[in-house]
Structure formats: structure tokens, C-alpha cells
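Note that this is a predicted model, so its numbers are computed, not measured. Proteins come first, then strands; the chains are lettered A, B, ... in the order of their sequence lines, and each starts at number 1. Heavy-atom basis, side chains included; hydrogens, waters and symmetry copies ignored.
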Amino acid sequence: MSEKLETPSTDEASNEMERTGLRRLLVRGGALRSALLPILAVFTALIIGAVIMAVSSPDVIAAWRQVSQNPRGALSITWGTIRDAYMALFEGSFGNPARIIRAIDTMRETGESRELLEALRPFSESLVIATPYIFAGLAVALGFRGGLFNIGAEGQLFVGGLASVYIGYSISGLPRYVHLPLALLAGMLAGAIWGAIPGLLKARTGAHEVINTIMMNYIAFRLTDHLLQGPMARPDRLPITPEIKPSAYLPSLLPRPVRLHVGFFLALATAAVVYWFLWKTTRGFEIRMVGANPRAARYAGVHIIATTVLTMALSGALAGLAGANQVLGLDHRLVRAFSTGYGFDSIALALLGNSHPLGVVLSSLLFGFLRGGAARMQSVANVPVEIIRIIQGIVIVFVAAPAIIRAIYRLRVVREEETLLVRGWGS
Amino acid sequence: MPPVLELRGITKRFPGVLANDRIDLTLNEGEILALLGENGAGKTTLMNVLYGLYTPDEGEIYVRGAKVDIHDPNDAISQGIGMVHQHFMLVPVFTVTENVMLGVESVRAGVFLDQDVAAARIREISSRFGLEVDPDAVVENLPVGVQQRVEIIKILYREADILILDEPTAVLTPQEAEDLFEIIRSLVAQGKSVIFITHKLKEVLAIADRITVLRDGRVAGSTACREATEASLAKMMVGREVILTVAKTPAQPGETVLEVQGLHVLDDRGSIAVNDASLHVRAGEVLGIAGVQGNGQTQLVEALTGLRRVERGKVTVLGQDTTHATPREITELGAAHVPEDRQQDGLVLPFPVGDNLVLNTYYVPPFANGVVLQQNEIDEAARERVERFDVRTPSIFVPTSTLSGGNQQKVIVAREFSRPIQLLIASQPTRGLDVGSIEYIHQRILHKRDEGTAVLLVSPELDEVISLSDRIAVMYEGQILATLPAEQATRERLGLLMAGVREASKAQVPA
């Protein structure tokens with residue numbers, strides 16, 4: 001619709017709605033509207049995942065070979081396979097509700113908490129997986145909001161982990177309230193520097209941040225290898241760093257085997273801070289302005305170079321926190337390849353979450369639960385873990401190509417700018 | 001003989017809007033029909049229905065008396081209907097021939113493009129209709145006016161005999177527009193029929209045989225061109241009497257606010273765009289800069305507002321040297337800038353209207369307290385500005401992209417005019433706007449002048465410069481050829497200067 005249609009001026013009713021804040025929520029956040037697509041994308045991906053499970057299951061195939069003799073059987077075996085797989089996925093990611101309830105009763109009666117902790121373990125594991133996703137997803141999302149495509153979250157995560165672990169093991173005798181913040185800060189700082197370099201190159205010379213963040217990734221990976229083989233290796237020369245001092249641990253919340261630690265809540269708090277920063281502060285406004293229209297931002301007096309560097313530095317700091325979280329909360333030392341691509345997956349998460357902190361948290365939880373339940377799905381329902389990867393991939397395709405979902409569910413196109421990603425590659 | 005094209009009762013609804021409401025329209029053979037209406041009146045929607053881009057909810061289309069169904073542009077083309085869009089659909093890196101044959105390629109032996117055959121046909125079309133163009137030129141190197149000719153050739157190449165031109169003059173210089181009118185006359189002289197969409201009254205009277213006016217999705221009236229006047233058409237378009245000339249009292253100039261001496265500025269390609277320009281603007285007067293687009297006005301304004309580097313020369317605002325100041329420093333001195341390209345420079349379109357209303361003041365109290373935005377203050381100011389400047393928007397929270405062009409411009413005007421300013425630099429402030437909005441923005445600019453603001457107005461529309469300015473400077477190839485008091489600036493004199501004809505030195509008033 002190239003011709004804009006004049007809309008009537010505000011009438012009293014809508015003024016009333018504005019005052020009540022209801023309209024504000026619906027119009028400004030557009031929360032419901034922007035959540036619809038990702039939700040449908042996940043839903044559709046789960047259905048397609050089910051189809052793939054069915055057609056790749058030997059039992060189901062065998063049953064359909066004899067469909068003429070036993071059509072009802074074929075259907076029920078198909079249905080059963082899918083149901084078992086998704087049940088296992090659910091129990092693997094959230095735990096078995098019946099078992100949890102029983103465990104609560106046991107603890108009430110006997111005071112024995114072991115069984116409850118065991119029952120809660122799947123849920124906790126999902127949250128543990130989701131935690132670095134949240135940090136790294138926020139990193140990429142913040143970059144997107146500023147019009148920058150930070151593909152370097154993985155490298156920033158590595159240097160963040162390196163800096164945190166170094167502070168963690170090399171200093172001793174500090175109380176936790178000094179040591180832990182120091183270690184976290186070191187991780188953020190390292191990530192920030194790693195992000196700021198491509199930011200500066202972009203702002204000063206126009207070198208595209210996609211290329212430079214990828215290059216910075218390689219430097220980070222090889223730097224890690226180098227440090228683990230010498231300067232930071234354990235005294236026995238294994239390519240592992242020494243263990244960090246307990247005073248630098250992100251404390252666990254419950255006894256083992258529950259691994260959930262404070263990092264998860266730190267991630268949630270960080271998401272809130274990122275939201276506040278982007279939407280409630282002048283710096284955040286500047287970042288979003290530069291992201292949405294750099295020419296207008298310049299017209300409005302925003303310092304483009306400083307803002308670009310700041311955006312990349314903050315994005316890097318968040319990714320660095322993801323690395324710090326892993327070494328301070330879980331591993332307590334740094335091993336080779338200690339991240340299994342969290343930084344890369346986070347690009348997908350930022351897309352899925354519409355580059356909004358809340359969206360990032362929700363999509364990170366989704367990926368956490370999918371990943372957390374995958375193992376049980378394999379062991380119980382005999383469905384390969386890779387199915388989860390496939391489902392994740394389909395979700396991303398749908399989110400990246402919303403026209404497919406709109407066509408399936410016959411959704412109307414919602415105005416023009418519905419999501420803000422990145423400016424063109426050539427810009 | 002039946003009309004070559006007839007629309008009966010076309011109705012098109014969009015969610016919440018009736019874009020076209022039972023529209024009847026007739027086009028006779030060899031006729032130029034002007035479709036006139038404000039932005040948002042439904043002109044483009046109607047033409048998109050005709051071209052098969054939208055399916056009408058009701059109504060019928062007849063071509064040469066026969067009812068036709070048009071589902072997509074291919075149907076339209078096979079009925080001999082061709083459309084030149086407002087934004088050209090050309091591949092910049094292709095040659096004219098490649099662009100024209102795209103989609104209807106001539107081939108040899110099934111696979112090899114036969115550019116010679118196509119080029120020959122293009123030459124034939126060009127000479128027949130006076131559409132001068134080099135078939136081998138690469139499109140991105142051609143001036144806009146010539147690119148438009150390529151678009152017209154494209155549809156003639158496809159043997160269209162009903163041509164729809166959507167706001168064809170919006171991107172053209174006055175001279176290019178004249179050339180286009182010649183082309184259109186030659187088209188109808190050879191039996192083609194043309195629908196000419198516009199919101200410019202002068203053009204309609206210059207070119208059309210008949211005029212159909214749309215307002216709010218309905219036909220507000222149809223008239224033969226010779227019976228219409230600007231005033232009668234404006235009234236039909238807007239639905240009320242419109243003041244077309246601006247009533248203006250004599251200026252009361254005060255101290256000099258903006259002073260420019262020997263300014264040199266380069267364009268993006270590094271060639272000289274502003275060449276030794278000097279001018280000054282005093283408080284309470286409007287200095288208009290006339291000139292054909294592309295003679296350095298854009299770079300001049302960018303240099304004055306801190307968006308482009310000054311190579312040589314000096315700029316002072318209120319006695320302060322701003323030659324190398326940043327946009328923010330200049331803004332903070334009390335300068336306002338209405339930029340030439342509002343969507344690119346003046347607004348962040350995906351942002352809510354409210355945010356755009358504080359786009360350059362978000363960081364000062366009361367809108368910010370330290371680094372924290374004061375959303376309530378921002379919303380309150382935004383509501384007040386929307387009200388005071390009559391911005392038509394359902395709320396201050398909708399994305400600015402959903403507003404019409406006129407209302408987007410009002411957002412910029414509201415933002416720039418609602419803070420205390422000593423200097424206003426307005427670049428093409430009414431470009432692409434409808435009559436009602438132009439009237440409004442002109443009044444606002446003069447109101448600012450009367451409050452004692454120094455106004456620098458840059459516009460390629462000579463009428464606008466003449467009606468608003470107290471003094472007029474003419475820019476040609478980066479130089480200011482002359483600065484004339486408004487009472488001495490006749491259209492003829494300005495026209496000659498705009499074409500680069502220098503006057504005898506005695507007539508030059510020092511800038």
C-alpha cells in the first residue's frame with residue numbers, strides 16, 4: 001500500500017485507553033502481536049518434528065507396510081511414537097510431575113530431600129543450559145537494536161571466560177563479595193574489548209562488523225588454545241586451567257545434583273537491565289536511533305562513531321558474561337572448546353526473540369528445555385538427539401522467513417516495519 | 001465508440017479503511033485524464049486496482065466496452081494497460097535496452113539475447129514519441145528525467161495504449177516536467193490515452209483534457225479542464241476554500257543571525273558543490289534560495305547544519321563560529337533544521353510519533369534526568385505538540401511510518417518549531433505535500449518569522465520561494481549568482497538566474 005491513509009485524530013475513547021495504559025501496552029510494545037509469529041513458528045516446528053520422527057522410526061515404517069491388514073495399528077503406533085517422544089522430551093526438560101509430587105510428599109514426611117533434588121534435576125539442567133543462551137542472546141539482540149550484526153559473540157564469550165577464570169584462580173584470599181564481582185567484571189571487560197575493536201573498525205573505516213567479528217572469533221579460539229597450552233595451563237601441563245578459588249564461584253542454590261546456580265538469576269536481572277537501558281535511558285535511545293536510521297540519528301546530534309563503539313562494547317560485554325557464567329558457575333576452570341556454540345546459537349535466539357530482552361529470555365528458555373530434554377528423548381523414546389537440532393533449525397527458518405508462517409496460518413501482514421533486524425549488508 | 005477504459009463502482013476496503021468507495025471513471029481515446037487528490041485520497045489504490053495489484057471488493061472494469069478481469073499486472077499489460085510507478089522499477093546497473101527487454105526478451109536460437117532487435121525497436125519508439133534516450137546507456141548514469149523516459153518506453157515496448165503515470169513530476173525539475181508534458185502530448189496525438197495522477201493543481205491545468213478529483217476515497221467531482229481553475233480544484237480536493245496565496249506583512253529585520261562567508265563545500269564524490277557562497281539572514285526575515293535542484297543547495301544546507309564538512313570559508317550563528325561545529329552544537333545555539341529528505345534525515349520511521357517529536361531534545365530536561373528518559377514528560381509534550389500542530393495520528397504511540405507524508409512533515413515541524421529558535425533552516429519544507437498541508441506549513445514558517453526567527457528557505461519550487469521570501473538568492477552551480485529583494489524578483493529574472501545567466505553587475509545586490 002504505497003498510499004498512506006489518513007487516520008482520524010484521537011477521540012476521547014482512545015485518550016481514555018491511553019491513560020489506562022492498556023493501549024500503551026498493546027500499541028507500543030505490540031507484545032501480543034510480535035509474540036504470535038514466534039509461537040506459531042515453534043508450534044509448527046514441533047509438528048514437523050513429529051512427522052520427521054514418525055517417518056524415520058523403524059517401528060512406524062514397519063507398521064505402515066502392513067497398513068492394509070491393520071490400519072488402526074499403523075495409526076496407533078505412529079501416534080504412540082510421537083507421544084512417547086514428546087512425553088520424554090517434556091520429562092527430560094521439566095521433570096516428571098508425578099515424581100516431583102511424590103518427592104515433595106516424601107520430604108514432608110521424612111525430611112529426606114535427596115529424592116526431590118533428583119526429581120527437580122531435569123528442570124534445573126534446562127535452566128542451566130538456558131543461562132549462557134540468555135547472556136549471549138542479549139548480546140546479539142543489543143547489537144541488532146543498534147543496527148550491528150555481532151557474529152562474534154562466541155569469540156567474546158571465550159575471552160570473557162579466559163579473563164574470568166584467570167581472576168578466579170590467580171588471586172586468593174579475597175572475600176566472595178569482592179572476588180566474584182571482580183571475576184565477572186573481568187569477563188565483561190574482556191568481552192567488551194573484543195567487541196569494541198570491530199566496532200571501532202566499523203565506525204572509523206567502515207569495515208563491516210560481520211567480517212571483523214568472525215575474524216576476532218578465530219583470534220579468540222586460537223588465543224585460548226595458546227593460553228591453555230602454556231601460560232594458563234595447569235601445573236601438570238594438561239590443556240586445562242587451574243581450578244578457580246571457591247570465593248569466585250557463582251554459588252549454587254541447592255545441593256548437588258542440582259547444578260542450578262546464581263548465574264541464572266543474574267541472567268534474568270541482566271535482561272531487565274538491558275531492557276531498561278535500551279528503552280529508558282538516553283544512551284539506549286541513541287543506540288536504537290542509530291540502529292533504525294543512522295542518518296536521522298546524525299541529524300539529531302547523535303555521535304555515530306561513539307555510539308557504534310559503545311554498542312559493540314556492550315554487546316561484547318554481555319557475551320563475555322556468558323563465558324564468565326560458564327566458568328564461574330559450572331566448570332570452575334576452563335577447558336578447550338568449553339562453549340559448544342552458545343555464541344552462534346544466540347544469533348538465532350535474538351532473531352527468535354525479536355531482539356527484545358523478554359523475547360530473548362523466552363527463546364533461551366525454549367532452547368534450554370529442548371536441549372535439556374533431548375537426551376532423555378533419545379534414551380527413553382529412542383529418538384535421536386538430532387531431531388531437536390532439526391526442530392531448532394525449523395524454528396529459525398520460520399522466524400527468519402515469516403512469510404511462510406503467515407501463509408500457513410493466513411495471517412495478515414501487519415503494516416511495514418514489524419521487526420527491526422539489521423541494515424543491509426552493504427551499508 | 002465506447003470509452004477506451006471505464007471503471008464502474010470500484011470499491012476497495014482495507015482493514016478499518018474504505019480506500020475506494022464506488023468510484024466511476026471514464027477515459028476516452030486520445031485523452032489525458034488527470035486524477036487529482038490529496039495524499040491518501042485513494043488515487044494510487046484505484047490505479048493499483050486497475051493494474052491488477054489489488055483485487056477490488058466490488059465494481060467492474062471495461063476496456064473498449066468489454067468487461068475484463070484483471071488479477072495481476074500481466075492481465076493489465078495484455079489489455080494494453082501500462083503503468084509508470086512513482087518509484088521507478090529499473091535495474092540500475094543494466095543498460096536501457098536490458099531494462100526495457102527485461103521480462104519480454106528477444107532471443108536468438110532460443111537462448112541468446114538479441115539486444116540489437118530490442119535496441120532497434122527502442123530507437124523506433126523513441127523517435128516516434130520524442131522520447132530521447134540512448135539504448136546503450138547504463139540506467140544509473142542517467143538523470144531522473146531520462147530514467148522516467150525509460151519507464152515510459154518500457155510500457156510502450158509492451159504495446160500499451162492506456163498509460164497510467166503515478167505522480168510523474170514529483171521527482172522532476174521544472175524543465176524535465178515540461179519535457180514530460182511534451183512527451184505526453186505526443187503520445188495522445190498518436191492515439192494513446194493517458195491517466196495522469198497528481199496532487200499539483202498547476203500541472204493538471206497545464207496538461208489535462210479532463211479532471212477527476214478524488215477525496216476520501218470518493219469521486220468529489222469531474223470537470224473539463226477549460227472549466228476549472230486552481231481555486232475550484234483546490235476546493236474540490238480539500239472540501240473547503242483554500243488560501244493559495246500566502247498573506248504576508250512586511251518583514252521587520254533585526255540583527256544578523258546567520259552569516260556565511262566564502263563557503264566552499266564538496267559533495268559525496270569530492271567535487272565542488274558549493275563554490276565561494278556568501279549570504280546572511282537577519283532575525284525576522286526569510287531569505288529564500290532559489291535554484292534548480294542539484295546546484296549545491298543540499299550541500300549548502302548540510303554544511304550550515306553541521307552534517308557536511310566545510311572546506312573553506314566561515315559560518316557564524318549569532319556571532320558564534322559554527323564552521324566546524326557538530327549538528328548538536330548548532331542545534332543548541334537555537335537553530336532548527338527541517339531537512340530536505342524527511343524520511344531519511346528527519347524521522348526514525350519505525351519509532352513512535354512521540355519519540356520522533358523529541359528526536360533531538362531527548363537528552364535535556366525535562367525529557368531526561370541525567371541519563372534516564374522521563375517518559376511521562378515526553379508523552380505529555382508529544383500529546384501537546386500533536387494537538388497544537390494538528391498532527392493526524394491515532395495516538396503518539398503508533399510508528400511514524402503509518403502517518404501520511406503531510407503528517408510526517410508536521411511531526412518534524414512540530415518538533416522544530418516548539419522549542420525556542422533563533423534560526424530556521426528549512427529545506428524543501430513542502431516537498432510532496434498536498435495543498436492543505438502546504439498552506440499550513442507556509443503559515444507556520446511566516447509565523448516564526450514574525451516572532452523574530454531568521455529563516456533560510458531552500459526550495460526548487462519557485463512559487464514557494466517567491467511567496468514566502470523577503471529576499472531571494474539564486475544558486476547556480478554552487479555559486480550564489482545574485483541576491484534580490486523580493487519586490488524586484490520577478491519570475492523572469494529569477495528564471496534567467498536559475499539558468500545561469502548572470503546579470504549586469506549593477507543589478508547585483510551584495511549578499
Side-chain angles (χ1 to χ4, degrees), chain A residues 1-11 13-19 21-30 145 147 276-286 288-306 412-421, chain B residues 14-17 19 38-45 48 85-87 166 216 305 307 326-329 331-332 337 339 341 344-352 355 359-360 362-363 368 370-373 375 379 383 386 390-399 401-407:
Chain A
M1 230 184 300
S2 64
E3 192 149 324
K4 298 284 154 50
L5 299 152
E6 294 257 357
T7 27
S9 59
T10 40
D11 52 24
S14 65
N15 268 333
E16 191 51 47
M17 279 179 80
E18 277 183 33
R19 247 177 266 129
L22 176 66
R23 190 184 182 100
R24 190 187 183 115
L25 188 74
L26 293 176
V27 177
R28 174 171 282 191
R145 286 286 167 187
W276 176 83
F277 173 77
L278 279 176
W279 274 274
K280 308 289 174 192
T281 71
T282 57
R283 290 278 169 270
F285 188 67
E286 286 167 3
R288 289 189 297 119
M289 218 195 295
V290 172
N293 184 350
R295 283 181 57 172
R298 202 161 153 253
Y299 158 89
V302 178
H303 199 301
I304 305 288
I305 292 177
R412 267 205 327 267
V413 180
V414 205
R415 294 286 183 182
E416 297 101 284
E417 288 78 15
E418 56 162 10
T419 49
L420 165 131
L421 294 178
Chain B
F14 292 113
V17 195
E38 295 204 280
N39 292 324
K43 308 180 297 269
T44 302
T45 305
N48 284 338
H85 296 270
Q86 201 172 345
H87 304 285
D166 188 2
D216 298 334
T305 51
L307 293 168
T326 63
R328 177 155 295 173
E329 285 161 357
T331 306
E332 287 178 346
H337 176 197
D341 188 335
Q344 283 287 337
D345 290 320
L347 296 167
V348 181
L349 290 177
F351 278 16
D355 284 358
L359 203 67
N360 48 12
Y362 62 90
Y363 63 99
V371 77
V372 184
L373 292 173
Q375 199 60 52
D379 291 352
R383 277 199 199 91
V386 161
D390 190 30
V391 181
R392 306 284 175 84
T393 173
S395 112
I396 58 168
F397 303 120
V398 298
S401 54
T402 61
L403 268 55
S404 70
N407 281 304

How about Arg295(A): does its CZ atom have over 12 heavy atoms from other parts shown lying under 6.0 Å from it? yes

Can you name the closest pair of heavy atoms from Gly301(A) and Pro327(B) and give their distance? CA-CB, 4.3 Å

Nearest non-hydrogen partners of Asp355(B) and Arg288(A), listed with the distance: OD2-NH2, 4.2 Å

How close do Leu373(B) and Trp279(A) get, heavy atom to heavy atom, and via which atoms? CD1-O, 3.9 Å

With side chains defined as the heavy atoms from C-beta onward, is the minimum distance between Phe285(A) and Leu359(B) less than 4.5 Å? yes

Is there a side-chain contact between Phe351(B) and Met289(A), using heavy atoms and a 4.5 Å cut-off? yes

Just checking, is any N or O donor in the side chain of Tyr363(B) or Glu286(A) under 3.5 Å from an acceptor N or O on the other one? no

Among Val348(B), Thr305(B), Asn360(B), Asp345(B), which has the most heavy-atom pairs under 4.5 Å with chain A? Asp345(B)

Keeping Arg298(A) on the side-chain end and Leu307(B) on the backbone end, is there a donor-acceptor pair under 3.5 Å? yes

Please find the pair of heavy atoms, one from Arg283(A) and one from Val371(B), that lie closest to each other, and give the distance. CG-CG2, 4.0 Å

The interface call for Leu347(B) against chain A, heavy-atom contacts under 4.5 Å, is backbone

In the structure I gave you, are the side-chain heavy atoms of Val372(B) and Trp276(A) within less than 4.5 Å of one another anywhere? yes

Is it true that, when you exclude Asp341(B) itself, more than 12 heavy atoms of the residues, nucleotides or ligands shown sit nearer than 6.0 Å to its CG? yes

